[in-house]
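Here's the structure we're looking at; comments come further down.
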Amino acid sequence: MTYPQPLQSEPVGDLFRAAFRSHPAGVAIITASGPDGAVGLTASSVASVAVDPPTLAFSVTSGRSASHIAAAERIVVHLIGADQLELARAFADPAAPRFTGDMDWERLPTGEPLLREAQWALRCEIVHRAPLGGSVLLAATVLDIRSNLAGSAPLVYHDREFHTLFRSVQAVG
């Protein structure tokens, strides 16, 4: 068996970015209540960590929304589908208006903003923060889950663009 050889011609950081640009990831919108109101951002770094207790992890970098989310006690992680593409774009653009009247959202009785259109909304409590490089890795325990299964195709982020998945391929085994 042969193994790929390391690529030495480019800096590791550039290759690292290229590797993850070529790796598709699900799209989520993470929201929280900040000191000046609702904040949110689009993320492709959300991962399931454990089932008992149900725990997820994600990372944030810099920016007003990211810093408020990293500091929040509770958040809502919205797993979104292709039908929510415009929401994903709005929350990915720091200059775009968020939580407008056109966006179907409400503030939960516990204070967090909820995007009603999301396929899944996981209300979480942040239980761990770990600064790493220019990012903060956050682990959060899921407190409750809401579903809105309208049958939308999955939305993924790949090579700096949003894509949808239309056909499935049977997994091995």
Side-chain angles (χ1 to χ4, degrees), residues 20 23-94 96-158 162-165:
F20 275 90
H23 180 72
V27 179
I29 297 173
I30 302 170
T31 61
S33 184
D36 298 323
V39 295
L41 54 82
T42 299
S44 60
S45 63
V46 177
S48 166
V49 174
V51 174
D52 190 16
T55 306
L56 57 83
F58 64 96
S59 64
V60 294
T61 55
S62 60
R64 185 179 79 80
S65 292
S67 62
H68 290 312
I69 287 169
E73 289 182 35
R74 290 180 313 276
I75 57 167
V76 179
V77 176
H78 303 83
L79 304 178
I80 62 173
D83 291 351
Q84 291 85 43
L85 174 60
E86 292 310 312
L87 274 178
R89 286 185 173 144
F91 281 86
D93 180 354
R98 300 172 187 174
F99 302 104
T100 65
D102 294 341
M103 297 176 182
D104 189 11
W105 75 282
E106 67 178 285
R107 194 170 292 279
L108 294 172
T110 51
E112 304 88 1
L114 172 74
L115 300 169
R116 291 187 192 115
E117 293 178 29
Q119 288 184 341
W120 294 95
L122 295 81
R123 191 172 73 86
C124 304
E125 179 179 14
I126 296 177
V127 294
H128 188 72
R129 294 168 179 83
L132 297 167
S135 299
V136 178
L137 178 64
L138 299 135
T141 301
V142 178
L143 303 172
D144 55 75
I145 299 174
R146 296 171 184 237
S147 65
N148 179 21
L149 298 177
S152 177
L155 184 64
V156 297
Y157 193 69
H158 175 259
F162 294 108
H163 301 270
T164 60
L165 299 178

Notebook entry, point to check: So do the side chains of Pro24 and His163 get within less than 4.5 Å of each other, counting heavy atoms only?
Noted result: no
Check: Has the side chain of Ser65 got a donor or acceptor atom that lies under 3.5 Å from a matching backbone atom of Gly40?
Finding: yes
Notebook entry, point to check: Does the side chain of Ile126 come within less than 4.5 Å of Glu73's, by heavy atoms?
Noted result: no
Item checked: Nearest non-hydrogen partners of Ile75 and Ala140, listed with the distance -> CD1-CB, 4.4 Å
Notebook entry, point to check: Can you name the nearest heavy-atom pair linking Ser44 to Ala25, along with the distance?
Noted result: O-CB, 3.3 Å
Item checked: Closest approach of Val49 to Leu56 (non-hydrogen atoms, all atoms of both residues) -> CG2-C, 3.8 Å
Note to self: With a 3.5 Å distance limit and no angle check, can you tell me whether Ser67 reaches the backbone of Arg64 through a side-chain donor-acceptor pair?
What the structure shows: yes
Notebook entry, point to check: To the nearest 0.5 Å, how far apart are CZ in Phe91 and CD1 in Ile29?
Noted result: 5.5 Å
Item checked: Electrostatic pair Glu125-Arg74, nearest N-O below 4.0 angstrom -> no
Notebook entry, point to check: Aromatic ring centroids of Phe20 and Tyr157 under 6.0 Å?
Noted result: no
Notebook entry, point to check: To the nearest 0.5 Å, how far apart are CD1 in Ile30 and NE2 in His68?
Noted result: 15.0 Å
Next item on the list: Search all heavy atoms of Ala90 against all heavy atoms of Pro97 and return the closest pair with its distance.
Entry: CB-O, 4.2 Å
Note to self: If you define the side chain from C-beta out and look only at heavy atoms, does anything of Leu108 sit under 4.5 Å from Arg123?
What the structure shows: yes
Margin query: When you compare the side chain of Arg107 with that of Phe99, does any pair of heavy atoms fall below 4.5 Å?
Written below: no
Notebook entry, point to check: Between the side chains of Arg89 and Thr42, is a donor N or O closer than 3.5 angstrom to an acceptor N or O?
Noted result: no
Notebook entry, point to check: Is there a donor-acceptor pair closer than 3.5 Å between any side-chain N or O of Ser45 and the backbone N or O of Ala43?
Noted result: no
Note to self: Quick one, Val156 and Thr164 - any side-chain contact, counting heavy atoms below 4.5 Å?
What the structure shows: no
Notebook entry, point to check: Can you tell me if Ser135 uses its side chain to pair, donor with acceptor, with the backbone of Ser59 under 3.5 Å?
Noted result: no
Check: Does any non-hydrogen side-chain atom of Thr55 lie less than 4.5 Å from one of Val142?
Finding: no
Check: Looking only at heavy atoms, which two atoms of Val77 and Ala28 are closest? And how far apart?
Finding: CG1-CB, 4.2 Å
Item checked: Exam field: side chain Arg116 to backbone Asn148, donor-acceptor pair closer than 3.5 Å -> no
Notebook entry, point to check: What is the distance from atom CD of Glu117 to atom CG of Asp104, rounded to the nearest 0.5 Å?
Noted result: 5.5 Å
Next item on the list: Considering non-hydrogen atoms only, spot the tightest contact between Pro94 and Arg98 and give its length.
Entry: CA-NH2, 3.4 Å
Next item on the list: Hey, could you give me the OG/CD1 distance between Ser33 and Ile69, rounded to the nearest 0.5 Å?
Entry: 11.0 Å
Checklist line | Spacing of OG1 belonging to Thr31 relative to CD belonging to Glu112, to within rounding of 0.5 Å | finding: 7.5 Å
Check: Looking at CH2 of Trp105 and NE2 of His78, how far apart are the two atoms once the value is rounded to the nearest 0.5 Å?
Finding: 10.5 Å
